[in-house]
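Just below is one structure, and these are the notes that go with it.
Sequence lines set the chain letters: A, B, ... in the order given, protein chains first and strands last, and positions in each chain run from 1.
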Amino acid sequence: MQSVLNILEARISEVMGEVSGQALRQCSGQAGCPALVRPATDARFGDYQVNGVMPLAKQLKTNPRKLAEQIVAKLNSATADKLSDICESPEIAGPGFINLRLKPELIAANLLQISKDADRLGLEKAEKPKTVVVDFSGPNIAKQMHVGHLRSTIIGDCICRLLELQGHKVIRQNHIGDWGTQFGMLINYLVNVVYIDAAMKATGLSTKTEYDLSSLRDTEELYRKAQERNKTDKSFADVSRYWVVQLQNGDEQAKRYWEKIVSLSLSESKEIYERLGVLLTESDIRGESFYNPKLPGVVAELKKKGLAVESEGAVCVFPEGFKDKEGKPLPVIVQKSDGAYLYATTDLAAIRYRVGELKADKIIYVTDARQGLHFEMVFAVARMAGWVKPQTELVHVTFGSVLGEDGKPLKTRSGENVKLKELLDEAVERARKVVEEKNPGLSEDEKKKIANAVGIGAVKYADYTNNRTSDYIFSFDKMLAMEGNTAPYMQYAYARVRSIQRKGRDKGIEVDKEIAQSQSISLTEPSELDLAKHLIRYGEAVSSSAGDYRPNYLTAYLYDLAQKFSSFYNDCPVLDASSDKRPTRLLLCDLTAKTIEHGLHNLLGIEVIEQM
RNA sequence: GCGCCCGUAGCUCAGUUGGAUAGAGCAACGGAUUUCUAAUCCGUAGGUCACAGGUUCGAAUCCUGUCGGGCGUACCA
């Protein structure tokens, strides 16, 4: 089902092209006359407004109101009747707006159509599906996931879900940091402290064993202890360097320890992904170690193509238009003077793999805004090298930082990054307290389930609902508030609908049958009509959200929906409604629940709950 | 220095290639409740869209400058 907005845009644009066609080509040479149909800014103007007449009139150097009249006349003309199946007769207003009001029959027909399509709620699929690689999350192995990974992980996840819904082939790529010099000290620590100490204890040579592998609660602790030892013990640091070399050279023992560390860390990440409802699996992992063997080839080819040159001992590519502090050309360094490779090299190898092997039409990078320059330059080099086709899209989807209440990047009191696990634990704990207070009668199981859904949902929803490009201030109190655009408010709205349906069934009303059999729609109350109109616009919200990779467009829609439902709920009894009104109201309830569930659960990965 | 992003109500934030009288939530004030879950709804009040110019039928949005903040800027990722 095509969204009303798209149909209107297409039909009106066509007519505008016909009305202006030749004249337009003469004046500007531009093709196409977008109607710029937008939701009306004020309900008094109807449901949609056409904004495109005025810019067109400017191009044609004609009077916008006169032009609007011509367009409306053409839209209405008997031969080219473009609107009467959708809208009432269009009205011209202000300097040259065309206002459109939906016909009740269209609203009714769309509601019924959505109702019949339980899986997709009438959402259309892309005409030309693309293969889209989405690079997101990318935690550092050997350290726990912290708040710095939250946004990439969940925004990336949402983008994947949106694009998949639109019918694109989405390939998730988790570019984990599982390679590098830090593994030397970690391996060294495992070998020399964990295993040797344990062995000495086992053989009675030592009674003082501080750690064995099982005592390591997590990779964070391993990292911290190894780092501490590396700093204070010079000979330990020397041995760490030895392990780096061993690992690079493919030494079996080094590899075994490395694998141990990676798998320990991955199991921690997996746990976080599951709690967050993020659909990343092990098969999506293509980390630095995966690209490591390909790096010499990347550099060699850049050299062969004459793009990479030696500068100050390092191998560099100088894409055009980038300058350093002194205004001199800024390089992308692909190999350090000591021979080591860098992030840029890995990213270039990844682009080759994604275009060459994965056949990507588009690659989306979900990382914070600070990496903007890095990607700009890497993209430039990849294009210079001919590793991406001109039509291949490389998109950097950026986001701002998560700040504490003081407006500075969120840290613990001791200045460390806040662990994602602890953040989620606290959110769930706080949600639990609220459940306990509001609904003490529920069973332990239900309380746990609700606290989990609300707590995790609140963290995610708060992030999604902020414009991704700006920083936002993290506040448990605000995200867990029952009022306002929050997860609990949305979940509550859903739970209320479900409650109506439960009550109805208890009363012996055959809710599903009544909905399935409802052929005519009766929208009499303003809040009913308002809700109905909003329900048929879900597709618009999804496509604008996906088009700009902005989850907040979707949350804004969902919040509007929940508010409109609440008004309807207040004004219109459902179960006690007269028999001519009840089927429609049951249908509105059902579609509200399905839409909230689809948005929250299918697209944002946030759990809905039947009661709270 | 240069580049990128940002500055909107007391607070937290929306604002869709420039569109009609700039919107929400919180906080404040006033109303609605023998409830289909009030974890709700309705209303009132609150603004020099940082500042100054410019572009045009029309600017929070585009351009120039100023002030304030964040980030980046040769071997981290």
Side-chain angles (χ1 to χ4, degrees), chain A residues 34 36 38-42 44-45 49 51-52 54-55 57-58 63-64 93-97 99 138 140 177 180 288 311-316 322-338 340 342-344 346-347 367-374 376 398 400-401 403 407-409 434-435 437-439 454 465-467 469-473 475 477-478 481-486 488-489 491-493 495-504 507 527 540 544 547-548 550 552-553 555-556 559-560 563 566-567 569-577 589 611-612:
Chain A
L36 302 179
R38 297 286 177 268
T41 52
D42 191 309
R44 286 175 322 181
F45 302 141
Q49 60 187 52
N51 291 342
M54 291 163 285
K58 190 188 279 187
N63 180 301
F97 295 100
N99 290 335
N140 301 327
E288 285 168 358
S311 171
E312 296 176 32
V315 182
C316 305
F322 298 94
K323 286 175 187 155
D324 72 2
K325 288 170 190 166
E326 281 106 49
K328 288 186 287 196
L330 190 63
V332 173
I333 300 172
V334 291
Q335 190 170 19
K336 301 206 294 189
S337 47
D338 66 359
L342 301 97
Y343 183 42
T346 312
D347 265 328
T367 77
D368 70 287
R370 287 175 304 199
Q371 296 183 40
L373 183 61
H374 163 77
E376 242 185 278
T398 65
S401 311
L403 309 178
K408 295 191 179 130
V434 181
V435 176
E437 182 192 317
K438 298 278 183 188
N439 220 337
V454 171
T465 206
N466 277 291
N467 179 339
T469 56
S470 47
D471 299 345
Y472 73 92
I473 292 177
S475 160
D477 289 334
K478 291 213 165 85
M482 306 305 163
E483 307 83 20
N485 191 2
T486 65
Y489 178 87
Q491 289 164 321
Y492 176 65
R496 286 212 294 185
V497 188
R498 304 297 280 168
S499 174
I500 292 175
Q501 295 173 327
R502 269 198 308 278
K503 280 254 159 65
K507 280 182 164 183
S527 55
E540 293 172 19
S544 64
D548 244 357
R550 290 184 188 273
N552 67 310
Y553 290 172
T555 58
Y559 180 56
D560 270 353
Q563 280 191 310
S566 287
S567 294
Y569 182 93
N570 251 39
D571 297 346
C572 305
V574 177
L575 299 177
D576 295 332
C589 285
Q611 55 178 333
M612 61 190 288

Give the minimum heavy-atom separation between [X] and [Y], together with the two atoms involved.
X: A/Val434; Y: A/Met482; result: CG1-CE, 3.1 Å
X: A/Met612; Y: A/Gln491; result: SD-C, 3.5 Å
X: A/Ala314; Y: A/Ile333; result: CB-CG2, 3.9 Å
X: A/Ala481; Y: A/Thr486; result: O-OG1, 2.7 Å

Can you tell me, in whole Å, how much space there is between the [atom1] of [N] and that of [M]?
N: B/C5; M: B/U61; atom1: C1'; value: 15 Å
N: B/A45; M: B/G31; atom1: C1'; value: 15 Å
N: B/A28; M: B/C36; atom1: P; value: 29 Å
N: B/A14; M: B/C62; atom1: P; value: 16 Å
N: B/G7; M: B/G15; atom1: P; value: 10 Å
N: B/C63; M: B/A59; atom1: C1'; value: 11 Å
N: B/A27; M: B/U12; atom1: C1'; value: 11 Å
N: B/U73; M: B/C42; atom1: P; value: 49 Å

Nearest-neighbour nucleotide for the [X] side chain, [options] considered:
X: A/Gln563; options: B/U40, B/C36, B/C41; result: B/C41
X: A/Ala93; options: B/G19, B/C41, B/A20; result: B/A20
X: A/Lys58; options: B/A77, B/A39, B/C57; result: B/C57
X: A/Tyr472; options: B/G15, B/C13, B/A77; result: B/C13
X: A/Asp324; options: B/U73, B/U40, B/C13; result: B/U73
X: A/Asn439; options: B/U73, B/C57, B/A39; result: B/A39
X: A/Pro55; options: B/A74, B/C13, B/G19; result: B/G19

When both hydrogen-bonding distances must be under 3.5 Å and the geometry is Watson-Crick or G-U wobble, what is [N] paired with, if anything?
N: B/A52; value: B/U64
N: B/C4; value: B/G70
N: B/A28; value: B/U44
N: B/C57; value: B/G19
N: B/C36; value: none

Note: for A/Gln49 and A/Ala495 on RNA chain B, the residue whose nearest nucleotide lies more 5' is A/Gln49
5'-most contact on RNA chain B (nearest-nucleotide basis), A/Glu376 vs A/Tyr553, goes to A/Glu376
Counting any heavy atom closer than 4.0 Å, what does [X] reach on the DNA or RNA strands: base, sugar-phosphate only, or nothing?
X: A/Asn63; answer: nothing
X: A/Gln611; answer: base
X: A/Ala57; answer: nothing
X: A/Pro331; answer: base
X: A/Glu288; answer: sugar-phosphate
X: A/Asn552; answer: sugar-phosphate
X: A/Lys503; answer: sugar-phosphate
X: A/Cys316; answer: base
X: A/Arg498; answer: nothing
X: A/Ala340; answer: nothing
X: A/Leu373; answer: sugar-phosphate
X: A/Tyr489; answer: sugar-phosphate
X: A/Ser311; answer: base
X: A/Thr41; answer: base

Length of the line joining [X]:[atom1] and [N]:[atom2], which is rounded to integer Å:
X: A/Leu403; N: B/C11; atom1: CG; atom2: P; result: 16 Å
X: A/Gln491; N: B/A39; atom1: CD; atom2: P; result: 16 Å
X: A/Lys408; N: B/G70; atom1: NZ; atom2: P; result: 9 Å
X: A/Ile473; N: B/A14; atom1: CD1; atom2: C1'; result: 16 Å
X: A/Glu483; N: B/U40; atom1: CD; atom2: C1'; result: 10 Å
X: A/Gln335; N: B/C76; atom1: CD; atom2: C1'; result: 17 Å
X: A/Leu36; N: B/G58; atom1: CG; atom2: C1'; result: 14 Å
X: A/Leu575; N: B/C36; atom1: CG; atom2: C1'; result: 5 Å

Within the structure, does a side-chain N or O atom of [X] lie under 4.0 Å from either OP1 or OP2 of [N]?
X: A/Asn467; N: B/G15; value: yes
X: A/Asn51; N: B/A20; value: no
X: A/Ser470; N: B/A14; value: yes
X: A/Ser567; N: B/C42; value: yes
X: A/Arg370; N: B/A77; value: no

Is the closest basic N to carboxylate O distance between A/Lys503 and A/Asp576 below 4.0 Å? no
Stacking between [N] and [X], yes or no? Criterion: centroid separation under 5.5 angstrom, plane angle under 30 degrees.
X: A/Phe97; N: B/G19; answer: no
X: A/Tyr569; N: B/C36; answer: yes
X: A/Tyr559; N: B/A24; answer: no

**Message:** Between A/Asn140 and A/Gly177 (side chain of the first, backbone of the second, donor and acceptor by atom type, cut-off under 3.5 Å), is there such a pair?
**Reply:** no
query: Are the side chain of A/Gln49 and the backbone N or O of A/Phe97 linked by a donor-acceptor pair below 3.5 Å?
result: no
Side-chain donor-acceptor pair under 3.5 Å between [X] and [Y], yes or no?
X: A/Asn467; Y: A/Thr469; value: yes
X: A/Ser401; Y: A/Arg370; value: no
X: A/Thr555; Y: A/Thr465; value: yes

Under-3.5 Å donor-acceptor pair between A/Asp368 side chain and B/A77 base
no
